[in-house]
Participant: 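This is the structure, below, for whatever I ask next.
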Amino acid sequence: MKNIYSEKNLEGFVFDLMKYLYKTKDYYGERLSNDVLIYSMNKRYYVDEEKSNFKLSNIPVCIEENIKMEDYFEFCNKKTLALSMDSRLNEYLYYYDVPGCKEVAEKITKIFNKHGFYYEFGTNWYLYAEPNPKKESN
């Protein structure tokens, strides 16, 4: 059984989410990665053409170091990740009433499950990963 808390798994998890959100567009044709911040492993990840310091399959990613998610979120699991979504993604996952929302929610759920997690909402603007009891390993 893989260690779901390993840096390799968490980094793969973050990058899988980023790739999916970057390639998926909302009903206005804008990327779902817009205005999404992912916090994990004391880092903050987001897509930004101007601040990019990392390329992920031609995706301009900014990675900021020494960022503690607990400084930004009331509810979170510090060992996993939190995803802030001041964006259309919020509508797709939280309100669940826009075109294509079911497909987006199913894909996000699959990505979480692939890495051993499911998501919980902290509020309507962020979610955080919790271990899937069937896949948890220390």
Side-chain angles (χ1 to χ4, degrees):
M1 183 177 278
K2 73 178 179 181
N3 179 355
I4 63 171
Y5 300 108
S6 73
E7 188 170 332
K8 181 179 177 182
N9 185 56
L10 290 172
E11 183 176 75
F13 186 14
V14 169
F15 290 161
D16 283 352
L17 284 168
M18 293 189 85
K19 286 179 202 174
Y20 173 71
L21 295 172
Y22 186 78
K23 76 175 185 173
T24 305
K25 295 189 178 179
D26 66 15
Y27 49 92
Y28 290 115
E30 295 188 26
R31 298 182 191 282
L32 287 182
S33 60
N34 293 352
D35 298 317
V36 170
L37 305 170
I38 302 174
Y39 297 76
S40 185
M41 302 170 291
N42 292 320
K43 298 176 187 174
R44 178 170 40 215
Y45 302 80
Y46 56 97
V47 175
D48 190 309
E49 288 281 343
E50 295 174 10
K51 296 180 182 179
S52 172
N53 58 8
F54 182 78
K55 287 286 186 188
L56 173 65
S57 303
N58 294 320
I59 302 170
V61 175
C62 181
I63 302 173
E64 297 176 334
E65 302 278 343
N66 301 314
I67 306 291
K68 295 180 181 178
M69 74 171 79
E70 61 269 25
D71 290 344
Y72 297 88
F73 306 104
E74 183 178 1
F75 305 104
C76 64
N77 183 336
K78 296 184 291 188
K79 296 187 333 184
T80 63
L81 69 76
L83 186 148
S84 169
M85 48 190 171
D86 186 16
S87 65
R88 190 81 59 217
L89 182 60
N90 180 301
E91 291 178 51
Y92 279 85
L93 296 178
Y94 192 76
Y95 296 107
Y96 214 66
D97 63 352
V98 294
C101 65
K102 181 179 179 185
E103 294 82 8
V104 169
E106 287 174 354
K107 182 60 178 177
I108 297 288
T109 297
K110 284 182 184 177
I111 293 169
F112 271 73
N113 287 335
K114 172 184 171 186
H115 293 282
F117 300 98
Y118 67 95
Y119 61 86
E120 291 280 346
F121 289 102
T123 65
N124 66 336
W125 60 269
Y126 81 93
L127 56 84
Y128 58 96
E130 283 294 328
N132 182 333
K134 296 176 185 169
K135 296 186 178 183
E136 187 173 9
S137 172
N138 291 332

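Remember, predicted model here, so these are calculated numbers, not experimental data.
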Participant: Could you report the tightest heavy-atom contact between Pro60 and Tyr22, atom names first, then the distance?
Facilitator: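 Shortest heavy-atom separation between Pro60 and Tyr22 comes out as CD-OH, 4.0 Å.
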Participant: Has the side chain of Ser33 got a donor or acceptor atom that lies under 3.5 Å from a matching backbone atom of Val47?
Facilitator: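 It does not hold such a pair.
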Participant: Before you tell me yes or no, could you show the steps for Ile4 and Asn132 under side-chain contact (heavy atoms from CB on, under 4.5 Å), namely the whole-Å CA-CA distance, both residues' side-chain angles and the distance that decides it to 0.1 Å?
Facilitator: CA-CA 10 Å; Ile4 63 171; Asn132 182 333; over 6 Å; no
Participant: Just wondering, do Met85 and Leu93 contact through their side chains at under 4.5 Å, heavy atoms?
Facilitator: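 Result yes, sub-4.5 Å side-chain heavy-atom pair found.
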Participant: Return the CD1 to CZ distance between Ile63 and Arg44, rounded to the nearest 0.5 Å.
Facilitator: 12.5 Å
Participant: Pairing donors with acceptors under 3.5 angstrom, does anything connect the side chains of Tyr46 and Glu64?
Facilitator: yes
Participant: Can we call the ring centroids of Tyr126 and Tyr72 under 6.0 Å apart?
Facilitator: no
Participant: Side chains of Phe15 and Ser57: does their closest heavy-atom pair fall under 4.5 Å?
Facilitator: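 Heavy-atom side-chain distance check fails, nothing below 4.5 Å.
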Participant: Between Phe54 and Ile59, does the side-chain contact (heavy atoms from CB on, under 4.5 Å) criterion hold? Intermediate values first, please.
Facilitator: CA-CA 8 Å; Phe54 182 78; Ile59 302 170; over 6 Å; no
Participant: Quick one: does Leu17's side chain get under 4.5 Å of Ile108's, heavy atoms only?
Facilitator: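 Yes; the side chains approach each other to less than 4.5 Å.
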Participant: More than 12 non-hydrogen atoms from neighbouring residues, nucleotides or ligands closer than 6.0 Å to CD on Glu106, yes or no?
Facilitator: yes
Participant: Taking all non-hydrogen atoms of both residues, which atom of Tyr5 and which atom of Pro131 are closest, and how far apart?
Facilitator: OH-CG, 3.2 Å
Participant: Only counting residues at least two apart or in another chain, list the ones meeting side chain to side chain contact (heavy atoms under 4.5 Å, CB included) with Tyr94.
Facilitator: Asn90, Phe121, Asn124
Participant: If two hydrophobic side chains count as joined below 4.5 Å and joins carry through other members, does Tyr45 share a cluster with Ile67?
Facilitator: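 Different hydrophobic clusters.
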Participant: Tell me whether the centres of the aromatic rings in Tyr128 and Phe73 are closer together than 6.0 Å.
Facilitator: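 No, the ring centres sit 6.0 Å or more apart.
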Participant: Does any non-hydrogen side-chain atom of Asn42 lie less than 4.5 Å from one of Lys68?
Facilitator: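 Yes, side chains in contact.
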Participant: Indicate yes or no: at least one non-hydrogen side-chain atom of Leu10 is less than 4.5 angstrom from one of Phe117.
Facilitator: yes
Participant: Are Phe13 and Tyr20 in one and the same hydrophobic cluster, where Ile, Leu, Val, Met, Phe, Trp and Tyr link if side-chain heavy atoms are under 4.5 Å apart?
Facilitator: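 In one cluster: yes.
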Participant: With a cut-off of 6.0 Å (strictly less than), are more than 12 heavy atoms of other residues, nucleotides or ligands near NZ of Lys55?
Facilitator: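 Counting neighbours around NZ of Lys55, more than 12 heavy atoms of other residues, nucleotides or ligands fall under 6.0 Å, so yes.
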Participant: Let me see the working for Asn9 and Asn3 under side-chain contact (heavy atoms from CB on, under 4.5 Å), right down to the final yes or no.
Facilitator: CA-CA 8 Å; Asn9 185 56; Asn3 179 355; over 6 Å; no
Participant: Quick check: is Leu37 connected to Met18 through a chain of hydrophobic side chains (ILVMFWY, heavy atoms under 4.5 Å apart)?
Facilitator: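 Different clusters: Met18 never reaches Leu37 through Ile, Leu, Val, Met, Phe, Trp or Tyr contacts under 4.5 Å.
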Participant: Under a 4.5 Å cut-off applied to non-hydrogen side-chain atoms, are Lys114 and Lys110 in contact?
Facilitator: no
Participant: Which residue is it: Arg31, Glu91, Arg88? I am looking for the one with a side-chain contact (heavy atoms from CB on, under 4.5 Å) to Asp26.
Facilitator: Arg88
Participant: Going by side-chain heavy atoms closer than 4.5 Å, which hydrophobic residues are tied to Tyr118, directly or by a chain of links?
Facilitator: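 None; Tyr118 is a cluster of one.
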Participant: Any heavy-atom pair between the side chains of Asp86 and Trp125 that's under 4.5 Å?
Facilitator: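 No, side chains not in contact.
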Participant: To the nearest 0.5 Å, what is the distance between CD (Glu11) and NE2 (His115)?
Facilitator: 11.0 Å
Participant: Which value, rounded to the nearest 0.5 Å, describes the distance between Cys62 atom SG and Lys43 atom NZ?
Facilitator: 12.0 Å
Participant: OH/Tyr39 to CE/Met69 distance, rounded to the nearest 0.5 angstrom?
Facilitator: 10.0 Å
Participant: Find out whether Phe112 and Leu83 are in side-chain contact, i.e. whether some heavy atom of one side chain is under 4.5 Å from a heavy atom of the other.
Facilitator: no
Participant: Between Ala129 and Thr80, which heavy-atom pair has the shortest distance, and what is it?
Facilitator: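 That closest heavy-atom pairing would be O-OG1, 2.7 Å.
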Participant: Output yes when a side-chain donor or acceptor of Asn77 lies under 3.5 Å from a complementary backbone atom of Glu130, and no otherwise.
Facilitator: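 No, because the side chain of Asn77 does not come within donor-acceptor range (under 3.5 Å) of the backbone of Glu130.
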Participant: Say you draw a straight line from NZ of Lys25 to CG of Asn34; how long is it, rounded to the nearest 0.5 Å?
Facilitator: 10.0 Å
Participant: Rounded to the nearest 0.5 Å, how far does CD of Glu120 lie from SG of Cys76?
Facilitator: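 One finds 13.0 Å between SG of Cys76 and CD of Glu120.
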